[in-house]
Amino acid sequence: MVNQQRFGLSLVALSCLVLTACDHNDNDEPAPMPPADVSYSYEVTVQNLTQGQPLSPVGVALHGDAVMWETGMPASEALEVLAEGGDNSDFIAVEGVLASATGAAPIGPGSSETVTVTVVNEPDTFISIATMLVNTNDAFAGITGHGLSELEVGQTMMMVLPVLDAGTEANSEAAGTIPGPADGGEGYNAERDDADLVSFHPGVVSADDGLMMSALTSAHRFDNPAVKLTITRTE
Amino acid sequence: MKLKQLTSIMVATGLTALSGFSQAAELEITVQNLTRGIYFTPILITAHSPDQQLFNVGEAASTELQAMAEGGDISGLETAVDALSADTVANPAGGLLMPTAATTTTLSTMDGNTALSIVAMMLPTNDGFIGLNSWMIPEAPGTYTVYLNAYDAGTEANDEIRGGGAPGAPGLPVPPPLEDLVGNGGSGVTSEMTNATVHIHPGNLGDDEAAGGMSDISNTVQRWLNPVAMVTVTVSE
């Protein structure tokens, strides 16, 4: 620890010397320099806190001051596609998205994945992140329209997320309606046969807890929070 | 003797310090129902002195709280907080607050009423309610968000079948808007109450039969996970 500190101090001293040496320019009119591009990069780590709900490849989008869903409002079709089938491609390609990134693979229980998203010369962006709990009809977790302008380089924000219900597909848990490995059933279906309002998720019931037609077992049950999210600005 | 004197001095100092933070405030308060399928009965929002509480976890419910939690009747609580010079808004949503709906109201608080409490019964439940208990209203202007959990008043067994809302009457009250959303003919989940104090609600069990089964509650729609409500408080300049 002490050595590290000394090393740090000597580095500072050295850079002063270099600066002093450079500060010797007789040219009164330096050539005008175009402003350098500034990159803003964010490392997003999503960790799965559930016991039996793999998370679909996470979708990350940077955009202006807007939200991509709202509790009490109908889900967009892009969100429906993500929440029913785990496909984030529409979600990260919504009009107005400045930069996006996607996870490479589903995230298993206990596991995490880190993706990086970068914009250039856009200091005041907002981030939206979403991932489906794949052994459900249309459960997802995420944040939307979260401002990043006050996050300094090297700073990290951490939050844990509740599970939301896209409200676009009834939570029947029936065989053939759940795309995850518990069922291997259908993903996205344009029909909306539920409340058509985004809400917090009531949880899955499972056959073990009294929903006879459910393809799920107690292993797929979850409670809040279900996801740990860490965002670090790296440049 | 000396100790007692010291104590009284400390209390006096504490009061002085407190009075510096007890000025009146202008608040805008939004309560949003976050659930998929639970209705909130008339909501009581009240700012009061911080040494008062509408309920406390681990303590028996008052009869006024029981009337709210079992039947959605907030009149007793309203009378009680009025007697304490609280600043109160009763029933801002004008009836039931639907799943995912929000209601917004303003509240002017008097000096000393620095704690905010919010309660409303959850339907269909036997004696479940949303609760914010003596949340200290921040002095600094700004917008603050608080998430509320579902509590069980501990005054009625969670049999989950149709019944009455009067204190002591078993079963769920079913007002007309919920008539078609609640089942019939359930045999009753339980007739036992194992914790007679206010506690975190264990959640609805429900079943998958609208007619018969053991519960009149739908297990895919009328369950919940905490939190069940979001409260947004804006403190004016």
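Naming: A, B, ... by sequence-line order, numbering from 1 per chain.
- When heavy atoms are compared at a cutoff of 4.5 Å, B:Gln222 does not approach chain A at all.
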Donor-acceptor pairs under 3.5 angstrom involving side-chain atoms of residues 96-105 of chain B: please list them, not counting sequence neighbours.
residue	atom	partner	partner atom	Å
B:Thr103	OG1	B:Pro92	O	3.3
B:Thr104	OG1	B:Thr30	OG1	2.8

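- Considering only heavy atoms from C-beta on, B:Leu34 comes within 4.5 Å of A:Thr71 through its side chain.
- Across B:Arg223 and A:Pro202, no two heavy atoms sit closer than the pair O-CB, 3.3 Å.
- The environment of A:Asn121 atom CG is dense: over 12 non-hydrogen atoms of other residues, nucleotides or ligands sit within 6.0 angstrom.
- With a 6.0 Å radius and a threshold of 12 heavy atoms from other residues, nucleotides or ligands, B:Glu209 has its CD atom above the threshold.
- Enclosure of atom CE in A:Met73 is not indicated, since only 12 or fewer non-hydrogen atoms of other residues, nucleotides or ligands lie within 6.0 angstrom.
- Residues A:Asp209 and B:Leu205 are in side-chain contact: their nearest non-hydrogen atoms beyond the backbone lie under 4.5 Å apart.
- Between chain B and the options A:Asp194, A:Val204, A:Val198, the largest number of non-hydrogen pairs under 4.5 Å is found for A:Asp194.
- Atoms CZ and CD, on A:Phe200 and B:Gln32 in that order, are 8.0 Å from each other to the nearest 0.5 Å.
- Heavy atoms of B:Asn226 lying under 4.5 Å from chain A belong exclusively to its backbone.
- Residue B:Thr35 touches chain A through its backbone alone, counting heavy-atom pairs closer than 4.5 Å.
- Across all their heavy atoms, A:Met212 and B:Asp208 have their closest contact at N-OD2, 2.8 Å.
- Contact count against chain B (heavy-atom pairs under 4.5 Å) is highest for A:Leu211 among A:Leu211, A:Leu164, A:Asn171.
- Counting only distance, with no hydrogens or angles, the side chain of B:Asn219 and the backbone of A:Gly210 share a donor-acceptor pair below 3.5 Å.
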